[in-house]
Structure formats: structure tokens, C-alpha cells
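Below, chain A is the first sequence line, B the second, and so on; all start at residue 1.
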Amino acid sequence: MPVQLLKIIKDQSEIPLPRHLQKEHLKHLQEGYDHTNKYIQGIVVLSYPLTKLGDGTDFFKIVLQDLDDLCSRISSINVLIHGKMAQDCAKVIRHGDTFIVAGFKVVESPTAREDGRHGCHLEVSEEAGSTIYYIDTKPRTTTASEATSIAVAPQYVYTPLNCLKDGTIVNLYGVVKFFKPPYVSKGTDYCSVVTLVDPSNVKLTCTLFNGNLDSLPKIYKIGDIVRFHRIKIRQYNGQMQGITGAGFASLTFDGTVGAPVVPRTSSRAYTFTDEEHKTIEELRVWAARNVSTSGPAVKLSSVQPMLFFDLTCQLVGKAKVDGSSFLLKVWDGTKCPYPSWKVPVEAKDLEGEKVLLRQLRHLSVDILVYDNHVQLATSLKIGSFLRIYSIHAKQASADNEAVSHIEFHLHGGTCYGRGIGILPENNLDVKELKAFLESVDLAGSQNMESMTSVELGGTSGDFTVLTDHQDLNNTELRTIMNSTAPQQYRIRAKLRTYKPQKLHQSVKLHCSKCNSLQEVPDGDDFDFILQDSAITAPNPELQNASWYDSVMWTAQDQKQRKIAIHFVRNDELLQQPEHTLLMIEGGTLKEFWKLTKRFKCVIPVKSTEDDLELLDLSAPFLLQGNVKYYGCKQCSAPRPIKNLRFIAAEEHPSWEPTEIAQVLGIELLQYVFIMKFTLVDGTGAINAYLFDYEKFFQIPASEILTNSFLQEKMQMTMNTLCPPGRKLGDLPWLECFIKSYNVRDATKHQVYYQIFDTTVAEDV
DNA sequence: TTAGGTTTAG
């Protein structure tokens, strides 16, 4: 009997094969060699229906996977079985069975280039003297016809991303780390670029083309999970690249742990087994720990100038502006906190429901899309739900405007995934957005808008400040003044006055260790320290250490100032500027500003005889973006600067100021708002201090000094809480949360009040 | 064919 069923055995080393047979590894298999006493063993991973060849002989093809060598391109091989043996095999052989064949013929595989399997295939038949052994892995209840039907649904093998080889066609799973939503390419197709990662921690960027938008993967978010079938792998610029080829198909899944596992696809038929369901769940768990997603979605109410953001919104109007730009009017139910621009278009050119456009005129925003995005934008349907990726919120001011406004651009090109994605109605984010849009009171928001911010919450009604303790009842100020401290209260009061009136003076630096407060040094202090430190030239012996690369040059000024920049390497390599930490010696204030715009972090240093060290702590020890970070002179105990290596050795150092401060022995000073509010409620008056890093104004204290927009926003908030020029009776009511506390010294005892757990809300 | 991630400069 040429096809034998071996008994089911757990330990495969015990397979009772004839003694003369020796196992041959696929990698040693070559055409023209003697394989007489050899056998090939593998798992059946794919089988095709039994067919008849042109001459009437039966033909059965299976694919064997060598489990000992999963990563090799030649780890799977086609086995072509002819004649009676084909019939016998088709009856009994199933996926997952262990298949052993001896007495085979090795022939060059004509399909190896295409299917990525072994360069040879095995030809097996009774005539050739072949013997097949197999281990049945599952209890067998199927009949021959059922076995055939199983064979029609092939079982796929998925290649981990670290095992991809040039010139193969593979199936794979991946977590989306980056993507460009489909856009119109310069050729005939739509294009989408997708970068995947998987638990092998290898990245693969795939370039996908299709003339049909629907055939490209329906990726909506970083962190989505995809399954690609029949993707071509090629080498490009020294890296593996995926590209669409014949038969490419994809499934996309929400990457959220616990979300329903529902594939998004345009394929009419696809396989999806319990095993694959499990794979998705596992990848979700892995991704949750290992792939950074884009963070919480930005709503229009939280846009900031100079921000690139993704917006999930509904299209309410559109208009052609000129050949290279197109207007989209969208809303998300929230209100942009800044005056936003309106792109002038003729009413007749504006497509959309007139009544709704008018109702939404203060809630919708204009997004001008350019160049390659125009064609897709033109085709969008009014009312559809969109996710627009990498919108630029740009601060701008016109000559005739007192305050600057914010503009929304979707610039040309597709860098950073810039583009427009159309979300289906069944998308979870869309469902949530729809429910929210339906809850928006259009009449109410219209009325609100017709008032100025000063009128908001004026005599007609209460202006409310949100507290975290809505369950508490209000306490009269008189009662509070007559009570002992410490206690906590919710109060309803009016803000009679506040100090400082010049709001920028309210920002201080606070040391949480010694509890000291100090003024924020101004730029001149820093400049002076820099000039002073530039007198000492960089020490040439400290250039290029094991953990940083250095460049040094001489400025073309009278002092022949020497400048050195030390680029800290991460994991032995230099990173992109926006992830890189620099140390600079001899730089001017202006040079620092320029470098902070381009690099993640900048640390001013000076040379000593044997090491680099930080400057005097009157200077910032770290600059990041617009923010200068200072250390407490009293509490810091500077440690060697080479401690930065500990962070640099991390795989993806985030260069958090707190972490940098810690390794450098710096006690980080935090920016805080310190204000004194005089609150009255008709029964009494108290002075309550505001001590706030970010929560109260929803503005980080660290950014207020360098951002005029945030300063304006803060001024507007204070004008709302305490409108200038109003009589006491006309001031708005506020609700907030305060606590009383005792301050005692040798001579006196006083009770103080502090506002906390309170956030200003524009409207409630 | 197209694009091949790493923000426009309106």
C-alpha cells in the first residue's frame, strides 16, 4: 500500500519508518542529486482540489511546510501527486497532517518565483516508486467528499515580518504604524502607503495601488490591524518593501483590545477562521503595549495654532476656489476656541444645504485643501463623514484685524499621511459623532455666538466654572470665614478682582521639593550666561565620545567664538532631528532658538578639563520646543552629564524633561500660575489663591509666556470671569472648589484659601 | 506606471 496511515503519535521522533530512510532537509534538496534513501517531512498547509490532467491521469497538489525552518524562503515546497496515489491522498490528507514522502523526483519548480516556495518541487507517483506516510492529527470523521471540500478552502501560512525575502509573494499580518489614506496617484490608480509592524519588531512599508478605491485596505487609524494576502515582497533601498500584485487582498480590523473582530474588506469571499480571530486578539494585546497610537482625538474645541491634527467630522459644504484649491466646510459639534477664517466664495459656488450651512455658520470651519487632494475633495458627498489627516491649524492675521485668526489648511502632498479618508456610517467613531451632532442644540449655540465673550454669562444667567465635586452643596462665604481650617467647600461667588492684572506676571517657577517659588528668568539672563560661558572654548578632547558625535567650528565674528554641537546617539545611531538631543557649547541665544525648532531637546553645556557640564542653574538646563526648563538651585545636586547615556540607551527615548532632570540630578522647577482671587457672595469676602499647573485655564503654565494665542485665550477667560468695568451686581456668578488651610509662625496664625479641582468651561 | 512615509510655505 503506497499510502499508509501511521498511528497517531505525539512524539514525532518515534515515527516507525523503514530504517534505511534518512530525513532530508528542504535546504539540501537539489535537482539531479540522489535522494533514493531520503525522505521529506512537513506539515500540509495547503491543498488543492483533486483534478484530472489533459491525459486523464488524476492530479493532486499539496504544499508542505518544514516546521524546523520557518524563516527560510525554501521552507515550503510544492508536492505534485499523480495517478492513483493522487486519488488516495485526496481522500485522506488534510491540513495540519504530517506528511512524509520517500522515493520522490526533484524537479525545478516553474512557479517558485511567483509563489516564493522552494526552487524545486517533488513529483510523486506509484510509477516513480514513491511511498507516502502521514500522521493523522485529528480524529477523522470526514468522508472523502468532505475532505475535498476542506481542500477547497486553503489554509494560509503567514510570514512574520522578520522572515520576508526578496522576490517572494507572502501572506502576512501587521499592526498599522503609519499610513497614507488612499490618494490619487500620478498614474492611473489610487495609492495608499502603509507601514506595518509585528511582534518580531520589524517594520514593513507597503505601497499599495488599485484603480478601485474600495480595494485598498480600509485603514482609519494608527493601530488598526491588517491581514494581507498575496503581497509581493521586494527589496528597495536596502529594505524590504511590500507592493500589490495580482490577487492582493486585505482585511482590516480595529486594533482596540476588546472591540468586535469584524473585518473590513471589499473581498466578496474570504477565509476567516477561529485561529485567525485569535491572531487578531493577540496582535491587539501586543500592539497595546508596543505601538504608540495617535493619542486622543482632537476636536475643534481643542485645536491649537501651529498644530497638525486629524479631524473626524461631517461635511456640510464644499466649493471650488481655484484650480489648485478646494474648500470643505465641516463640523464636529464643538466650537473652535479661536476666531477661524472664512474662505470667500460666491454663494452660488457653495454646494450644501443652505439652511444647515446658516445654522452651523459659527460651528463649522473652513478647510482649504490643495493640489492632489482637490480631486478627491471634489468627489465627496455632502453629509458624508470624513477623517481629514494632518490638517494644519495656522495662526494668521490680516491687516484690518485686531486679533489674529486661525486657518485650516490641508496642504498638497501626502507627507505624514496628509489626506482625506471617507468613513463608513457603521464606523464606531462615526456612530459616536452622529449621536453627538444630534445632541447639539443649534438654536442655543447660535444665540451663544451672538454674544461677545464679555456678555456671556452676564446679568441674565449664571456663569459656571466646572468643579470635580458636583455632588457637594454650596457653602456661603460667611460660614467658611467662621469655620476652622482645614476644610473643603464648594462655593458660588463673584470674582470682584484678581491679581496680578498683568497675566504674564502670574507665571512662576515652583520647586515641589523645597516648595519655593521664583520668578521666571527673562531671556537677557540666559543671554548673559551664554556669553559668559562662550569665553571658554570647547575642549577638543571632549569631542566625539562613545555616546555622542560632535561638530565644532569657529564663528565669523570678532571674538572668533568657537561653537561645538554634540549629537547624542540613540542605540548607537543618530536619530531624526526631531528625536535627537543636542548638547551645545558656545552657542548664542539666537542659535539656541533655531536649534530648538529643529531638534527634540537642547542642553547648554560647557567644557571642563575632563568632562562636559551644565551651565549655572540660573540658565535653563534644557530647552524643548518653546519651553525652557530650569532646575532648583537649592535642591539640585548635578550629576555627570554622561548619565544621559542611560536614556540614550533606551529603544525609543522620549527625552521627557522629568527623566532628563532625574539622571542629571536636577530638581525640576515647574511652571505654575499663581493668582489671588477676591471672591464675594453677599455674605462675605475671601481671598483665594489659585495655584495651577494646567487644569484651571486648560493652558499649560509652561507655554503661556511664549504663545501669544494662549495669552489671548487666558485674557479672554479672565474677562469672562471678571468683565472689566462692570458693577458688582452685574458680575457673573462662578462656582468653584476651595480648601482652607492654616499658616502659623511664631507670632501669628492665619487661615488661607486655595482654589483647586476647578476648571473654567466656556459654556456648560 | 503610480510611490517608495518624515508636514506647506497658498
Euclidean distance, atom [atom1] of residue [X] to atom [atom2] of [N] [Å, nearest integer]:
X: A:L216; N: B:dT2; atom1: CG; atom2: C1'; value: 12 Å
X: A:N210; N: B:dA3; atom1: CG; atom2: P; value: 15 Å
X: A:Y190; N: B:dG4; atom1: OH; atom2: P; value: 17 Å

First locate atom CG of A:L327, then atom CG of A:D366, and finally report the distance between them rounded to the nearest 0.5 Å.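 Answer for the CG-CG pair, A:L327 versus A:D366, is 4.5 Å.
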Any chance you could measure A:L386, atom CG, to A:Q314, atom CD, to the nearest 0.5 Å?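 One gets 8.5 Å once the value is rounded to the nearest 0.5 Å.
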Across nucleotides 5-10 of chain B, 5' to 3', mark each nucleotide with B, S or - according to how protein heavy atoms within less than 4.0 Å reach it. BSBB-B
Suppose the criterion is side chain to side chain donor-acceptor pair (under 3.5 Å): which pairs have a residue in residues 368-378 of chain A, not counting sequence neighbours?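 Of all non-adjacent pairs touching residues 368-378 of chain A, those that pass side chain to side chain donor-acceptor pair (under 3.5 Å) are A:Y370-A:H409.
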Under 4.0 angstrom, heavy atoms only, what part of the nucleic acid is A:L208 near: base, sugar-phosphate, or nothing?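 If one applies the 4.0 Å heavy-atom cut-off, A:L208 turns out to touch nothing in the nucleic acid.
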For a quick check of understanding: with a heavy-atom distance under 4.0 Å over all strands, which category does A:Y183 fall into, base, sugar-phosphate or nothing?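 Touches sugar-phosphate only.
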Basic-acidic side-chain contact under 4.0 Å: A:D224, A:K218: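 A salt bridge is absent here (no side-chain N lies under 4.0 Å from a carboxylate O).
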With syn defined as a glycosidic torsion within 90 degrees of 0 and anti otherwise, which applies to B:dT6?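 Classified syn.
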side-chain hydrogen bond (donor to acceptor under 3.5 Å, both in side chains) evaluation trace for A:K203 with A:T195: CA-CA 7 Å; A:K203 274 198 317 186; A:T195 301; over 6 Å; no
Assess the pair A:F248 and A:F228: is the distance between their ring centroids shorter than 6.0 Å?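 Between A:F248 and A:F228, the centre distance is under 6.0 Å.
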